[in-house]
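Structure first, then comments.
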Amino acid sequence: MTASSRFTFFIACSSLLVLSVAGCTPARVEKPVTTELGGSDPDQQVAFFHKLAETPVTTYDDAFHALLLFTDGDDPSPGYNVRVQTLKQKGMLLKGFNRQANEAVDRGTVALALAKALKVRGGIVYSILPDNGRYATREMEFQGVLPSSSPNQTFSGSEFLAVMARAEDYQKANAGATVGGAGYRPPEMELKQPGKPTGRPVLPGTPAAPAAPAAPSTQPATQPTTQPTEGK
Amino acid sequence: MSSGRRTRRFPLGRLSVLAAGSVAALALSTAARAGLADIGDVSNNAYRPVSPLYLLQDSRPADAGPGAATLPAAPGQPAELVVRVTEVAGVVSASTDGKTWKRVAVGDTYGAGASFRTGMRSAVTCRVGSDQMFTLESLSTMRVEEAVRTGGKEKTDLTMKYGSASYGIEAAGREYDSVIRTPGSTMAIRGTVVRVVDRPGFAPQAESYTGRALFRTAKGVTFVGGGGGYSVASAVQGSAADTALAKTTVDPSIASARTAGENAVVSQQLSQGGVLGFDQRANIPVVRNGSPLPDAALPGALPGRLSFALRWTGNADLNFIVDNQAGPDSTKIILGGFKPTEILFPGYGLNVSTSGGLIPFDNRGGPRGGTEIAYWKGSFPTGVYGVGVLHASGGDASFKINAFLDGQPLPIFTFDAEGNVTRVNTLKGEIGRGGGDGAILFVPRNDLFESIATPGDDQTDPVGDAAARAIAAVKSQATGPKAVATTKAPLSLNPNLKATKMGPSLPAANDAKPAKGR
């Protein structure tokens, strides 16, 4: 092998090495949203979700905080490591999970966690390989919780929020509450279908209405109804 | 609490009129007039998913007057509609400047420029003026861009950055101009109840529960609803009809291998109860238990420029045959004897022709019959075509054969019972076990043959021709069929073509090359 061909071969290998290393490095975020809004206070929870929607990338810490809010309603974890331990104990994370808090989350990990949280039974392949992110991703796509995805893809903040909303809809549907669709009855339907029984108070004057209550007066009474007690 | 501040049009000085107490009293008296008995009891934040307490069955025209649901306005100026929170579930925040967010409570009032955002498992319902309301669902955010009343017209403009929301109008005698905007869609509402969903990663979707709405997306504009019931349109499928059709089908085979036009036809079959499979031996997709396409739907359902359709009723499996002899002069072809050089048959490699013809599936029938189609998507050979039907299995069936070029029916030439050449748009007949039938047609149309052929009952003089056919039918029962054999091989004018279960065998090689159609 001549010197020039060895040099060419070396350059080619180096390029491949650089490209492969660069391709393996996950995206990182300097400050996850949980840095400022990682608490359990209800107002902070709302602020967290909508701040997350504005971020270009969702980190593992943000995703795990959201998942714990979804499953438990709050997240008292003081930090990322505790969140990871909590999710592992719940079976929502694989025992060998060891990614950094500020790394971009992968869809396979989220799919796996949601499949466990939503107790999805899945198809044949998922049943056989329930801890596989690839098949968890496919299963959650089929369930309509994830959009068309690769398990290695990440989420933008708004995409992740959309997935959490779909997970909530899935949970409601499983609990018997319809969300959207032909069987759903939006509150505004009361404006259009006055004949349907609602169990709510009926407007006075309409058929089968109870006796109208007296309208509350906005003017103070001019005559006291009882004799005031004389002060001492 | 009053927070009607608007930097654009609402002078700060007017805030003095909107003291919290007077607004609350106004709301209370309005509620009393509307019959709301327990408005004060709603502030416990208990989530009742069916309907908020205040939504009563108000059949009276809205007589609350502009003062109850609007802020005071100078004469001739539009009146701002009050946005009043009527139900809260979970945690909901609102902001008037987009920066400072405060928890929302029932009874709070806002004006244009207010934004709402909901947390997980949360929702907020607001009344806009006296006749409109919206509900913002979980993990969603919405801003009230505009809410005004000018004379007898109310204009509402809502922007939902992401999430899902429903919206309704009471339509109590006023005119409404209401729009919900999302990043992926715009929905113009006309006195209806709608729900719109737009979440990143998922296609925007609009649902109409009553009334009609205009749904505009990057794909186009479509009307949703209007038929009185539920209707949904997705930005992916486009129209409400396409969305509904897509939702009724589960395609077990490789759908991506089919063209959009074929998918439409397959979906039509599957949506009517058909089952799609694949016959490995015949090497063709198979549909069973479908039903024949209705006449009105037929032209629009066919995917090619040049399309043929066989439809039948009766529990039978019929096979469709289409063959052709290409040439620039179809008259010459006929006079020289029709010798097809190309044939389409459902299966065994004969469902695709070299000129681009295709029979996409073999309909094996079912209790309601079925539909088979053959088509050329773009270019096609010009010349003479033969269309035929073979009875494969099952009982007796009634069939129809149609042909279309660019959506227009092509006349089909056959013989009537008396042996006269007849042209029809729809070749109809009865077929029994082991039977077959066929006819020819010209692509493009042949004026000479159309002028000498007797019009069929779906052409001109339908009454006279129908009577003539009826008389001929009676005669044919006495004398036997002359040229049209419903129990014999197809009328292909080529004795070399034999009707067998495996499909007709090709005739001797012909050097004429098929000419491409326009």
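Each chain gets a letter, A, B and so on, in the order the sequences are listed, and its residues count up from 1.
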*asked:* Does anything in residues 140-176 of chain A form a ring pair (Phe, Tyr, Trp, His ring centres under 6.0 Å)? List the pairs, not counting sequence neighbours.
replied: A/F155-A/F160
*asked:* Please list all pairs meeting salt bridge (Lys or Arg N to Asp or Glu O under 4.0 Å) that have one or both residues in residues 123-144 of chain A, counting only residues at least two apart or in different chains.
replied: A/K116-A/D131
*Nearest-0.5 Å distance that lies between atom OH in B/Y230 and atom OH in A/Y184*: 11.0 Å
_Smallest separation among heavy atoms of A/P187 and B/S166, with atom names_ = CD-OG, 4.1 Å
*Let me know if B/S164 has heavy atoms under 4.5 Å from chain A in its side chain, its backbone, both or neither.*
neither
*Beyond-backbone contact of B/M120 with A/M164, side-chain heavy atoms, under 4.5 angstrom*: yes
*Quick one: closest heavy-atom pair of A/V46 and B/V91, and the distance?*
CG2-CG1, 3.3 Å
*Rounded to the nearest 0.5 Å, how far does CG of A/D43 lie from NZ of B/K102?*
12.0 Å
*Could you tell me the separation between the CZ atom of A/R166 and the CZ atom of B/F202, rounded to the nearest 0.5 Å?*
4.5 Å
*asked:* Could you measure the distance from the OG atom of B/S140 to the CZ atom of A/F49? Nearest 0.5 Å is fine.
replied: 12.0 Å
*Going from OG on A/S158 to NZ on B/K161, what distance comes out if it is rounded to the nearest 0.5 angstrom?*
9.0 Å
*When you look at NZ of A/K51, are more than 12 heavy atoms from neighbouring residues, nucleotides or ligands closer to it than 6.0 Å?*
no
*Non-hydrogen atoms of chain B under 4.5 Å away: do they reach the side chain of A/F70, the backbone, both or neither?*
both
*Which pair of heavy atoms, one from A/P42 and one from B/R103, lies closest together, and at what distance?*
CB-NH2, 3.7 Å
*Between B/G168 and A/E188, which heavy-atom pair has the shortest distance, and what is it?*
N-CG, 3.2 Å
*asked:* Tell me whether the rings of A/H50 and B/Y162 are parallel (<30°), tilted (30 to 60°) or perpendicular (>60°).
replied: parallel
*For B/R195, is it the side chain, the backbone, both or neither that has a heavy atom under 4.5 Å from a heavy atom of chain A?*
side chain
*If you count the non-hydrogen atoms of other residues, nucleotides and ligands that lie under 6.0 Å from NZ in A/K88, is the total more than 12?*
yes
_Region of A/A165 in contact with chain B, defined by heavy-atom distances below 4.5 Å_ = both
*Are the side chain of A/E168 and the backbone of B/R121 linked by a donor-acceptor contact shorter than 3.5 Å?*
yes
